[in-house]
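Reckoned from all heavy atoms, side chains included, excluding hydrogens, waters and symmetry mates. Treat the numbers as computed from the prediction; the structure is a model and nothing was measured. So you know, we letter chains A, B, ... as the sequences are listed, proteins then strands, and number each from 1.
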2 protein chains.
Amino acid sequence: MVPLLAEIFRELGYEGATLTRITARTGIGKGSLYHFFPGGKEEMAAAVLEEVDGWFEREVYAPLREDDATAAITAMWRNTEAYFHSGGRVCLVGAFALDETRSRYAGAIAAYFVRWIDALAGALVRAGAGRVEAVMMAEEVVSGIQGALVLSRALDDKGVFKRLVDNARRRVEASVSQAAASRA
Amino acid sequence: MVPLLAEIFRELGYEGATLTRITARTGIGKGSLYHFFPGGKEEMAAAVLEEVDGWFEREVYAPLREDDATAAITAMWRNTEAYFHSGGRVCLVGAFALDETRSRYAGAIAAYFVRWIDALAGALVRAGAGRVEAVMMAEEVVSGIQGALVLSRALDDKGVFKRLVDNARRRVEASVSQAAASRA
DNA sequence: GTCTATACAGTGATAGAC
DNA sequence: GTCTATCACTGTATAGAC
């Protein structure tokens, strides 16, 4: 049910996701919605944010922190490309960050990105990159994915997303292998 | 007046920018608004998109096409950083692209980005880059700015925007000077 | 738990006085 | 041109039958 809501908020944004459209798309009546989410729409969106955050924590951040660095980074590229349907699906957190919805969920939004950057930077260090360089590169990657989503949606062209993400991956690999070589 | 509207749509998004909030912030009554925009909110947003597009066409795209390539690219970095208030201001076109507002203005949204990429790629070619490489780099830059806006808003940190844009600029400069050197 | 009916504020939009 | 009043409608939210 929460994944259903997530899809609706993703496509329509917080303001655009009216209760009428939610009931129409999910087939769940208003009564039922308010039974599960007494806090109304605000609570629904909070639950959706938590669900999205949970998915990334489980599938991306935790592996980046704990697993073999190179393997986890490879999995990150694969999982995020699949998650965002190669640019066909928008990032809910990024979309919320852009308008005044941000003020409502500022903590959750910032935490999502901070933890992504920190986890990736840690993995890059373990893969051989320098600390400062790793943080910068992690910021670049996370920001780059958001930009690729915006641009591929704007141009309605998934190829743009794939090209941009591929390039980011190549840049990271080049930088890591160069750092490893200079340490040898 | 249109710039006033632009600021409101930027901050609140299309759905969030209600007529009540527009009249409250601009001090212009509904009667006057409908006098200038008989098509209502949809026409207001269209006018705003056109105004934004006009600004970029005049201040960024035209110089990239016509002026000295290196100077125009330098001006682009300066003007976009100023325009977006170093990440404190969001890109209206990018924000519209993310939710279902996109379907309403798909043509204008795509055109804004296509012309930016084309103009920048042309300037990069004139500055010495190869054609394919220039297009790819232009996509990266435009996408990178959008990503930097999302991330700096999400983290509420203008420093992130500045770092990311500075890095993008350095990458472009390195690539151009390298291409120029290999041609010599 | 789910539905229907409904409350009431807010929506985009219009008409008409000034 | 601008304002006020008001329209029909939709927004979120609630109450109560089942």
Side-chain angles (χ1 to χ4, degrees), chain A residues 1-52 90 92-93 95-109, chain B residues 1-52 90 92-93 95-109:
Chain A
M1 170 165 182
V2 175
L4 271 177
L5 289 174
E7 213 53 48
I8 296 169
F9 278 110
R10 238 189 296 267
E11 287 179 29
L12 307 177
Y14 184 81
E15 300 283 350
T18 67
L19 291 189
T20 307
R21 296 204 235 196
I22 292 174
T23 58
R25 292 212 195 187
T26 60
I28 304 168
K30 291 186 193 178
S32 306
L33 283 173
Y34 275 88
H35 172 74
F36 291 112
F37 306 99
K41 192 167 132 172
E42 184 155 9
E43 191 178 338
M44 295 178 212
V48 163
L49 274 173
E50 202 184 328
E51 200 262 351
V52 170
V90 140
L92 180 93
V93 191
F96 277 13
L98 284 183
D99 61 32
E100 110 276 17
T101 309
R102 187 194 151 273
S103 57
R104 226 186 268 264
Y105 305 103
I109 292 170
Chain B
M1 171 164 183
V2 175
L4 271 178
L5 289 175
E7 212 54 47
I8 296 169
F9 278 110
R10 236 190 296 269
E11 287 179 27
L12 306 177
Y14 184 82
E15 300 283 349
T18 67
L19 291 190
T20 307
R21 297 203 234 196
I22 293 174
T23 58
R25 292 211 195 187
T26 60
I28 304 167
K30 290 187 193 181
S32 307
L33 283 173
Y34 274 88
H35 173 73
F36 291 112
F37 306 99
K41 192 167 132 171
E42 185 154 8
E43 190 178 339
M44 295 178 211
V48 162
L49 275 173
E50 202 184 328
E51 200 261 352
V52 170
V90 141
L92 180 93
V93 191
F96 277 13
L98 283 183
D99 61 32
E100 109 278 16
T101 309
R102 186 193 150 274
S103 58
R104 225 186 271 262
Y105 305 104
I109 293 170

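The two residues A/R10 and A/L92 have their closest heavy-atom pair at N-CD1, 3.5 Å. Nearest heavy atoms, A/A108 versus A/L49: CB-CD1, 4.3 Å.
When the nucleotides C/dA13, D/dG1, C/dT11 are ranked by their closest atom to the side chain of B/T20, C/dT11 comes out on top. The side chain of B/K41 lies closest to C/dA13, out of C/dA13, C/dG1, D/dT12. Which of D/dT2, C/dG1, C/dA13 sits closest to the side chain of B/K30 comes down to C/dA13. Comparing atom distances between the B/Y34 side chain and each of C/dT2, C/dA13, D/dT12 picks out C/dA13 as nearest. If you check C/dC3, C/dA13, C/dG1 against the side chain of A/S32, the one that comes closest is C/dC3.
Rounded to an integer number of Å, the gap from NE2 of B/H35 to C1' of C/dA13 is 16 Å. For A/L33 and D/dT14, the CG to P distance is 13 Å, given to the nearest whole Å. Per the geometry, CD belonging to B/E43 stands 13 Å off C1' belonging to C/dA13, to the nearest Å. What separates CG of A/L19 from P of C/dG10 is a distance of 16 Å, to the nearest Å. When the P atom of C/dA13 is taken as reference, atom CD1 of B/I22 falls 10 Å away, rounded to whole Å. Following rounding to the nearest Å, B/R21 (CZ) and C/dT11 (C1') show an atom-to-atom distance of 12 Å. Following rounding to the nearest Å, A/I28 (CD1) and C/dC3 (P) show an atom-to-atom distance of 9 Å. Residue A/F37 contributes atom CZ, which lies 15 Å from atom P of D/dT12 at whole-angstrom precision.
In this pair, A/F9 and A/Y14 present their aromatic rings parallel. The plane angle is below 30°, not in the 30 to 60° band.
At the heavy-atom level, B/G31 lies under 4.0 Å from base atoms of the strands shown.
Within a 6.0 Å radius of CD in B/E50, no more than 12 heavy atoms belonging to other residues, nucleotides or ligands are found.
Note on A/E11 versus A/R25: salt bridge recorded, some NZ/NE/NH1/NH2 to OD/OE distance being below 4.0 Å.
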